[in-house]
Amino acid sequence: MGRLLKRLLILGLTPAALLLAAPSPAPAVSGPRAATASQVVTGTGTGTFHPDPNGEYPYFDGHYASTSQLGSGRFWLGDGFFRSAAFTRSDGADLSGRLTSLPGNACGPVGDASCYRVDVTGDSDLTSAHMVIRVQFSEVDESVTLTISGVLTVTHRIGYAMLGSNGAVYAFGGIDHRGDAPTANAVDIERTPSTNGYWIVNAAGQVYTYGDAPYLGNAAPGSLAAGELVTSLSATPTGRGYWLFTSKGRVLPFGDAHLYGDLRSISLNGHIVGSVATPTGGGYYMVGSDGGVFAFGDARFRGSMGGVRLNQPVVGLVPTPDNAGYWLVASDGGVFSFGDAHFLGSMGGTHLIRPVVAMVPYGTGYLMIASDGGTFDFSNLPFFGSRGGTTIPAPVVNGAAAG
């Protein structure tokens, strides 16, 4: 019982609270937040069964992983008189609450498995989770494996997605997988403002829509010059418009997106590799492979690497949250800071298995994404995993994030 009470105190719970009170609501979070959103939770875990000599206070603990906003971290399930559960995400965010036994067949074949309903409340971006957990016990070494399924409610979505050149989408955290694009030359993915959908565009300028992303048009057949490719798509703040940007610096607006100028009459030293719209939708940046930065509308030029000899080409630009600066990243992971952008770290000088192909805004910083799906987090937000170290059928070419 001592170990149980110690764990309960760590969680901020007491036996009386567990017996007499419903889980407390999530603490208030300052700042604007989107309406609560639901997300399907699936996950797995491994751990250890800790028996109690009197048979009253056994518990399970160990590590779990999921690609939902529940993320990965440690779990604790108190399978005794004080029925309680806790999940602690790797960034410290907590969910804790009640555990209820279910008939074994509610989770499939019984065998040595136990089945539970878990109802927990949380803090930070996590509001609640209503899950069914199946725990498989091994009498040989008292190890356990668990599977998790259910629904998570969040106050705002945090997460990211990667796009393969074959149109496959790999989603992590609060970005849900909505579908893969039927194309062999995908180049960019852009989430909708609500984070409930995304656009995918290929090099020919064909746009594919998923979730609440509206279809507003493609690049017209035959409108691209010889050797000209669409390289990126940026959305307006309303989600009712987007721009397509080409390797030659041309801009094609759709929906409520306005043309603020482009580079069609400029001879470029490096082809355009990326674009970012300003928060107002009143302008946009383009960045070239030579490190040149081009600002239009209310986007402000803060400097560039154009004219500087680079070890590797630039592959992306990320503005600071206040839009008073930006970072550039090269394919070797080197980062260049301009305006009020503070250097937060880089992969420059580190041996990379595959080159960096994208940099996307994430929290107060940025994520770098490599072509093998490896992800490098330089932000204040949690890391939800990557495809690095796994086999994927086509290289990752770009990404998008929320948070």
Side-chain angles (χ1 to χ4, degrees), residues 23 25-29 31-45 63-75 85-99 107 116-134 146-163 168-180 189-200 209-213 239 360-363 367 373 375 377 379-387 399-403:
V29 179
R33 290 288 182 258
T36 57
S38 295
Q39 184 186 35
V40 172
V41 178
T42 60
T44 58
H63 291 84
Y64 75 92
S66 83
T67 56
S68 73
Q69 204 158 313
L70 185 63
S72 61
R74 294 195 62 86
F75 72 86
F87 289 83
T88 302
R89 200 167 63 186
S90 57
D91 67 330
D94 286 330
L95 288 168
S96 56
R98 303 303 296 269
L99 185 81
C107 293
Y116 302 97
R117 186 180 77 239
V118 177
D119 299 293
V120 293
T121 57
D123 59 14
S124 184
D125 54 288
L126 304 173
T127 299
S128 65
H130 304 284
M131 301 177 286
V132 172
I133 296 181
R134 185 178 192 272
L146 57 83
T147 57
I148 307 167
S149 62
V151 177
L152 177 72
T153 304
V154 299
T155 57
H156 58 295
R157 292 187 183 272
I158 296 173
Y160 43 87
M162 307 173 202
L163 174 69
V169 174
Y170 308 104
F172 298 86
I175 302 293
D176 290 323
H177 180 267
R178 304 281 182 174
D180 301 323
I189 181 171
E190 174 90 345
R191 67 170 178 82
T192 60
S194 71
T195 69
N196 290 321
Y198 48 78
W199 295 271
I200 294 173
T209 62
Y210 300 89
D212 65 355
V360 295
Y362 193 48
L367 289 176
T375 304
D377 185 1
S379 78
N380 62 327
L381 295 182
F383 174 73
F384 289 112
S386 77
R387 292 306 302 258

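Owing to the predicted nature of the structure, the values given are computational and were not obtained by experimental measurement.
- Taking both residues in full, the closest heavy atoms of Pro361 and Ala401 are given as O-CB, 3.4 Å, listed atom of the first, atom of the second, then distance.
- Evaluation of the side chain to side chain contact (heavy atoms under 4.5 Å, CB included) rule for Ser72 yields Ala65, Ser90 as partners, not counting sequence neighbours.
- Side-chain contact check for Thr88 and Asp94: at least one donor-acceptor pair (N or O, by modelled atom type) lies under 3.5 Å.
- Scanning all heavy atoms of the two residues, the minimum distance from Ala402 to Thr195 falls at CB-CG2, 3.6 Å.
- Residues satisfying the salt bridge (charged side-chain N to carboxylate O under 4.0 Å, His left out) criterion with Asp91, sequence neighbours excluded, are Arg89.
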TODO: Under the side chain to side chain contact (heavy atoms under 4.5 Å, CB included) rule, what do Arg157 and Asp176 come out as? Steps first, then yes or no, please.
DONE: CA-CA 10 Å; Arg157 292 187 183 272; Asp176 290 323; 3.2 Å; yes
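- A distance-only check finds a donor-acceptor pair linking the side chain of Ser66 to the backbone of Gly71 [under 3.5 Å].
- Although no hydrogens or angles enter the test, the distance criterion places no donor-acceptor pair under 3.5 Å between the side chain of Gln69 and the main chain of Gln39.
- Taking CG of Asp180 as the start and CG of Leu163 as the end, the distance is 9.0 Å to the nearest 0.5 Å.
- Within the model, atoms OG1 of Thr153 and CG of Leu126 stand 10.0 Å from one another, a figure rounded to the nearest 0.5 Å.
- Between Thr209 and Ala213 the shortest heavy-atom distance is CB-O, 3.2 Å.
- Shortest non-hydrogen contact noted between Ser68 and Val41 is OG-CG1, 3.8 Å.
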TODO: Might you work through the side chain to side chain contact (heavy atoms under 4.5 Å, CB included) test for Val169 and Arg178, ending with a clear yes or no?
DONE: CA-CA 8 Å; Val169 174; Arg178 304 281 182 174; over 6 Å; no
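- Nearest heavy-atom pair across Ala85 and Leu99 is CB-CD1, 4.3 Å.
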Open item on the list: Using the rule given for side chain to side chain contact (heavy atoms under 4.5 Å, CB included), can you reason through Thr375 versus Phe384, listing the C-alpha separation, both sets of side-chain angles and the distance that settles it, and then say yes or no?
Closed with: CA-CA 9 Å; Thr375 304; Phe384 289 112; over 6 Å; no
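- In this structure, OG in Ser379 is found 6.0 Å from CG in Leu367, a value given to the nearest 0.5 Å.
- Interatomic distance, Leu146 CG to His63 NE2, rounded to the nearest 0.5 Å: 12.0 Å.
- For the residue pair Asp212 and Gly197, the shortest heavy atom distance occurs at OD1-N, 3.3 Å.
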- [ ] Mind running side chain to side chain contact (heavy atoms under 4.5 Å, CB included) on His177 and Tyr198 for me, showing each step along the way?
- [x] CA-CA 9 Å; His177 180 267; Tyr198 48 78; 4.2 Å; yes
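- The structure places CZ of Arg117 at 12.0 Å from CD1 of Ile133, a figure rounded to the nearest 0.5 Å.
- Between Tyr160 and Tyr362, the ring planes lie perpendicular to each other; the angle is over 60°, past the 30° to 60° tilted range.
- Between the CZ atom in Arg134 and the OG1 atom in Thr147 there is a gap of 6.5 Å [rounded to 0.5 Å].
- Here Ala129 pairs with Leu95, Val120, Met131, Leu152 under the side chain to side chain contact (heavy atoms under 4.5 Å, CB included) rule; sequence neighbours left out.
- The aromatic rings of Phe75 and Phe87 lie tilted to each other, with the angle between the two planes from 30° to 60°.
- Judged by distance alone, with hydrogens and angles left aside, the side-chain atoms of Tyr64 form no donor-acceptor pair with the main-chain N or O of Ile148 at under 3.5 Å.
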